[in-house]
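Because the structure is predicted, anything quoted here is derived from the model rather than measured. Letters go in sequence order (proteins before strands), and every chain restarts at 1.
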Number of protein chains: 2
Amino acid sequence: MIDYPLNRFTDMAALSDAEQKRLRSLGDTPILYKRAATIRAEGDPAPCIYLMLEGWVLASMVLPSGARQVTKVHLPGDILGTPSMALTSAAETLTALTDCLVAPVPLTRMRDLFVDHPRLAALFLMAVQIERIALMDAMAAMGKTDARKQIITFILDLHDRLARLGKAPGGAFELPMTQEQIGEKLGMTSVHLNRSLRVLDAEGLLTRTGRLVRLNDIETLRGLSQLPRRQLRTDPEWLPESREWGGPARDG
Amino acid sequence: MIDYPLNRFTDMAALSDAEQKRLRSLGDTPILYKRAATIRAEGDPAPCIYLMLEGWVLASMVLPSGARQVTKVHLPGDILGTPSMALTSAAETLTALTDCLVAPVPLTRMRDLFVDHPRLAALFLMAVQIERIALMDAMAAMGKTDARKQIITFILDLHDRLARLGKAPGGAFELPMTQEQIGEKLGMTSVHLNRSLRVLDAEGLLTRTGRLVRLNDIETLRGLSQLPRRQLRTDPEWLPESREWGGPARDG
DNA sequence: CGGGGCTTTGATTGTAGTCAAGAAATGTGG
DNA sequence: CCACATTTCTTGACTACAATCAAAGCCCCG
């Protein structure tokens, strides 16, 4: 029974007590990874996924050329490592950006979730689709947008996700990534990223003080961002009904 | 009961008779869309997903700037429109590249699938994860790769998917896309795509005759492609058991 | 108070975008 | 089956955004 942000699920539908309990008992005892630790490397066996409780985690893959592409910046409440559910070995490397807390969920336990709680399974599927849309959006930004707008889109996305967790007071937050890593996310070199960042700084749109980023004019930034605002479907009529009982609780 | 390629499911696990039957009765009567028809536009309501039986379909999104990004080229056996399951309106526009046949599946019917057949629900989830990995790969190729290698990766992916359907005899296939559309997929202008294509042609790696593409040296091309070959997890031990009975058949 | 990673800046190169126009292919109607 | 209209493809000339290479300054941490 761990205290874990359920927003990935509750954003889309109300959960019964039994469901909340089930989700909270889904993960094993959380593990603490230190900053820069590798949680799981590309190619490793992938017998579990992870619920993220605290910290920042980078998901990335390395191409044969040696170049690294960051595919996702994960925040608390995210579910890590799910793309690899369908593969014999992990598709992405998961690296701790800060000290962080993650609870492993053996895939065999996911089976029970699918059997006992079709509603939670459906919500899990929706969460995955949301991630997929995030990838589509990132891809569109990369393909069709110049560096400056891409940075705005990225920072704004982080801001909105942190704000939902109450972690971006006054439009400011700590960004624990090097410019190299941000560049690897956006598909540009750190040099070019740096220049573009200072342009944004000079324009007064955002201020950086060390790793602290402050969005000075969120509305203007939102206007410049090239992505549609997605509207979550809450309580879709196709969701299966809640089940009050959903199989034996694992921990008594 | 429609004849539909089940490879998206059977690639990963054997299906019981009941399961096959259920999948084949999932879709409504197939609809024929003519070339260039819009199956569903971005922003439309999205009450269903689609099973694809025949033809080619493009999934794309348009940015505020007016630029279009193609997010996926769909082939027979694919499941269309699933990203929008989690949204109030469709995230992508689905356009028929050729005359094509698709069977709509109302989302309410997906609910029954989740309730009656947890095993099929889990396989569906895995199929979605595969799509997500495809997006990650495409993203990596865009961010970290030059035009020539990106084209190789794209053509090779199409080839492999068609070959699995027996539609790329001798390493050749019809590609019913304009260079503009291919450019919109790869994040480059049609002019630049054209020049890069002719380079590949001049190098002898691939031959184009009208819309017919022939891969002359697949092994060399595969070596140049910058993506890892993903290995599907077949029959993962965490899959729920088959159910012989899975709710009332819809059509008797 | 070093030292190593990170950031910043400059100079130069190169890949890809833009604009434009002619050629080829494709589709349409008579 | 041909003639015309419309896309699509191809090519050239020029521009610009981003990569590369290199070095200096900064800052945090031990």
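- When each of A/Asp160, A/Asp217, A/Thr153 is tested with A/Arg222 by the rule side chain to side chain donor-acceptor pair (under 3.5 Å), just one qualifies, namely A/Asp160.
- The stretch residues 86-98 of chain A participates, sequence neighbours left out, in these side-chain hydrogen bond (donor to acceptor under 3.5 Å, both in side chains) pairs: A/Thr71-A/Glu92.
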Item to check | DNA chain D base-pair string [pairs: Watson-Crick or G-U under 3.5 Å; |: paired with another strand] | outcome: ||||||||||||||||||||||||||||||
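- Mapped onto DNA chain C by nearest heavy atom, A/Gly143 and A/Arg208 fall at different nucleotides, with A/Arg208 at the one closer to the 5' end.
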Pair up each side-chain donor or acceptor in residues 48-59 of chain A with any protein partner under 3.5 Å, not counting sequence neighbours, and list the distances.
none

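- Protein atom CG of A/Asp146 is 17 Å distant from nucleotide atom P of C/dA16, rounded to whole Å.
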Checklist entry - Nucleotide by nucleotide, 5' to 3', does protein get under 4.0 Å of the base (B), only the sugar-phosphate (S), or neither (-) in nucleotides 20-28 of chain C, counting heavy atoms? => result -------S-
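- Listed here is the closest heavy atom pair of B/Gly187 and B/Met142: CA-CE, 4.1 Å.
- At the heavy-atom level, B/Arg148 lies nowhere under 4.0 Å from the strands shown.
- Using a 4.5 Å cut-off on side-chain heavy atoms (C-beta onward), A/Arg35 and A/Pro176 make no contact.
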I'd like a table of donor-acceptor pairs (distance under 3.5 Å, sequence neighbours excluded) in which one partner is a side-chain atom from residues 191-201 of chain A, with atom names and distances.
| residue | atom | partner | partner atom | Å |
| --- | --- | --- | --- | --- |
| A/Asn194 | ND2 | A/Gln179 | OE1 | 2.8 |
| A/Ser196 | OG | A/His192 | O | 2.8 |

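- Residues B/Phe173 and B/His159 meet the side-chain proximity criterion, which asks for heavy atoms closer than 4.5 Å.
- Mapping heavy-atom proximity under 4.0 Å, the span of DNA chain D touched by chain A runs 5' to 3' from D/dA18 to D/dC21.
- Listed in residue order, the members of residues 178-190 of chain A having a heavy atom less than 4.0 Å from DNA chain C are A/Thr178, A/Gln179.
- Using a 4.5 Å heavy-atom threshold, the side chains of B/Arg132 and A/Thr82 count as touching.
- For CD of B/Glu203, the number of neighbouring non-hydrogen atoms (other residues, nucleotides, ligands) closer than 6.0 Å is greater than 12.
- Applying the salt bridge (Lys or Arg N to Asp or Glu O under 4.0 Å) definition to pairs two or more places apart or across chains, none involves residues 177-190 of chain A.
- The heavy-atom pair separating A/Ala91 from B/Ile133 by the smallest distance is CB-CD1, 4.3 Å.
- Every residue two or more places apart in sequence or in another chain was checked for a side-chain hydrogen bond (donor to acceptor under 3.5 Å, both in side chains) with A/Lys144, and none qualifies.
- Contact check on A/Glu131 versus A/Arg8 returns a salt bridge, with a Lys/Arg side-chain nitrogen under 4.0 Å from an Asp/Glu carboxylate oxygen.
- For B/Ile31, the side-chain contact (heavy atoms from CB on, under 4.5 Å) test picks out B/Tyr33, B/Pro104, with sequence neighbours left out.
- Across residues 193-207 of chain B, B/Arg195 each have a non-hydrogen atom less than 4.0 Å from an atom of DNA chain C (numbered order).
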Table please: side-chain donor-acceptor pairs of residues 134-141 of chain A below 3.5 Å, with sequence neighbours left out.
| residue | atom | partner | partner atom | Å |
| --- | --- | --- | --- | --- |
| A/Asp137 | OD1 | A/Arg230 | NH2 | 2.7 |
| A/Asp137 | OD2 | A/Arg230 | NE | 3.3 |

